[in-house]
Colleague: 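Here's a structure for you.
Because only heavy atoms are used, hydrogens play no part in the values below, and waters and symmetry mates are left out as well, while side chains stay in. Numbering of ligands and ligand atoms starts at 1, following listing order.
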Amino acid sequence: MSEESNSSTPPMGPTGPSAAEAREQMLDIYPKKTLRKRSKQILVNETPSTPAEIGANSRTVPGIITQRGCSYAGCKGVVIGPIYDVLHITHGPIGCGWYSWLSRRNMNKIRKEGETNYLQYSMSTDMQEDHIVFGGEKQLEQAIQEAYDEFKPKAISVYATCPVGLIGDDIHSVCRKMKEKLGINVFGFSCEGYKGVSQSAGHHIANNGVFKHMIGLDDTPVDFKYKINILGEYNIGGDAWEIDRIFALCGIKIIGTLSGGVSYDDITNCHMADLNVVMCHRSINYMAEMMETKFGIPWFKVNFIGIEGTKKSLRKIAQYFGDKALIDKVEEVIAKEMSEVRPVLEDVTTRTQGKTAALFVGGSRAHHYQDLFNDMGMQVIAAGYEFAHRDDYEGRDVLPSIKVDADSRNIEELKIEADPERYNASHAERKKSLEEAGFTFEDYEGMMRQMAKDTLVIDDISHHELEKLIELYKPNVIGSGVKDKYVIEKMGVPCKQLHSYDYGGPYAGFKGAINFYKEIDRMTSSKVWQLTRAPWHEAGDAPATETAEVPVGA
Ligand code: CFM
């Protein structure tokens, strides 16, 4: 059997049903109420340029195996957890602190003398039964004091877990008291796991807290011609470092990357930037908007995953500043970097062209990674987010029509006003004149516009639907997470973890693209997948592509 045997299956061609039929088969087993709900969350992308309305950001049906996480995960684990010199204390039973300890793979290194990296520690109040019965505020106060005595950090951040919300511990008054007593910044997050319908609620809570307690505390001017922040980049597998490398070559200063590889000082000073660019729209659009309202810093969406996205984003940033020298420099950097990318891409494409992929990840990567697969001539036949909102699927123009339900109403919307002294009117003027010239800000087109016609879009995919998808199409690779990785691989399909990168990466920027192309080429060209047999197949019952026709050792 040749290496290409697995790649010749057209995505939704003669060997697989149409997307509409596949959808029917996925929905087939559900009882009436579940069927109604899931029908809205599984769509055939019939009109990519005017995407249909998708059901998103709603509660998962109990009993369905979902990939989602909780609000605490979104707040502590995702948005704030990566800040390396803030001391993070989980107020709750030990499990929440333990399972969110370095499990996300956001990487950090100390960059300045005197800085500390606390992320190797997992700090928790380790609540026991008597704290649940009699209250845990004293325990929290003690934990903050102990952590301070031991480490003397610049700031301490406290995260509430489910039981803390249930028993009503007032973490915020404890934080205020300790802030005054210790003379350092101490603040808390009411990010109890049950808030909202997924980790997305935790992102919003985190954005609010970072904005209230950190942004704008240090007005020291940053003496650099082009200064930006990158919002929604978390340095998984070192992505932010590759982005830093490219910006350093272009001569653009990144004050803060929120929040991958970032320090407390970077965040308190990042309102001095001239521009915010947003990588992960889902997790941080709130921050971009609040910073614009208060400080006048404009924002637009970028994507450094995939070479086309990287080039486009760099060019747009150069155009924003509008300086010929910078525009030329960016072109020079792109040309040089592409001379390294091109030969690798040409080589891998000879093997990856025409292969298929399906992506089910978080709230932005299922979209961003489509660019990398497209670079390699691969087709994404199905994709979906775990917890994104309609705007991440359909584009931000649907924002006014999104209904706010009880779960979303739970999350505080901060009322922000322009800062009387620090609002930078010249940024706003620049934005206005660029807009008049056709430049777009506050833009996100969403995933569905970029996907091919008649592909499947599946929100909060269930275990059953994923199995059905594999059974019907057997994609050459699936991008997903550790919760379903081994289920997918038992079915004979390689799975690339797009959360943790399976210990690989970086995959952002130019060098990252090279890493990704090689990795996907290796995974989809390997013969080992043809030797695996799905566990539910009885002997002699497996389809031809799954039988052990390949001699062992081939
Ligand atoms: Fe944004 Fe993320 Fe993602 Fe996300 Fe995440 Fe992540 Fe993700 Mo895992 S912030 S939405 S909550 S890009 S941890 S770095 S990979 S699910 S697609």
Colleague: Look at the aromatic rings of F441 and F439 and report parallel, tilted or perpendicular, splitting at 30° and 60°.
Modeller: tilted
Colleague: For K40, I'd like to know if atom NZ has over 12 heavy atoms of other residues, nucleotides or ligands within 6.0 Å.
Modeller: no
Colleague: Run the salt-bridge test on D443 and K316 with the 4.0 Å N-O cut-off and return the result as yes or no.
Modeller: yes
Colleague: So D375 and Y517, side-chain hydrogen bond (donor to acceptor under 3.5 Å, both in side chains) or not? Walk me through it.
Modeller: CA-CA 9 Å; D375 289 350; Y517 301 149; 2.6 Å; yes
Colleague: Any idea how H213 and F189 line up, ring-wise: parallel (<30°), tilted (30 to 60°), or perpendicular (>60°)?
Modeller: perpendicular
Colleague: Any side-chain to backbone donor/acceptor pair from N208 onto I205? Under 3.5 Å, distance only.
Modeller: no
Colleague: Using a distance threshold of 2.8 Å, what protein N/O/S atoms lie below it relative to atom 1 (Fe) of ligand 1?
Modeller: C280 SG
Colleague: Quick one: look up the protein heavy atom nearest atom 6 (Fe) of ligand 1 and list residue, atom name and how far away it is.
Modeller: R104 NE, 3.7 Å
Colleague: Is ligand 1 under 4.0 Å from a heavy atom in the side chain of I236, in the backbone, in both, or in neither?
Modeller: side chain
Colleague: Where does the angle between the aromatic ring planes of F247 and F304 fall among parallel (under 30°), tilted (30 to 60°) and perpendicular (over 60°)?
Modeller: perpendicular
Colleague: If the contact criterion is a heavy-atom separation under 4.0 Å, does Y385 count as touching ligand 1?
Modeller: no
Colleague: Any idea which protein heavy atom is nearest atom 8 (Mo) of ligand 1, and the distance to it?
Modeller: H499 ND1, 2.3 Å
Colleague: Please determine whether a side-chain nitrogen of the Lys or Arg among K154 and D265 lies less than 4.0 Å from a carboxylate oxygen of the Asp or Glu.
Modeller: yes
Colleague: Identify the closest protein heavy atom to atom 4 (Fe) of ligand 1: which residue and atom is it, and at what distance?
Modeller: F387 CZ, 3.9 Å
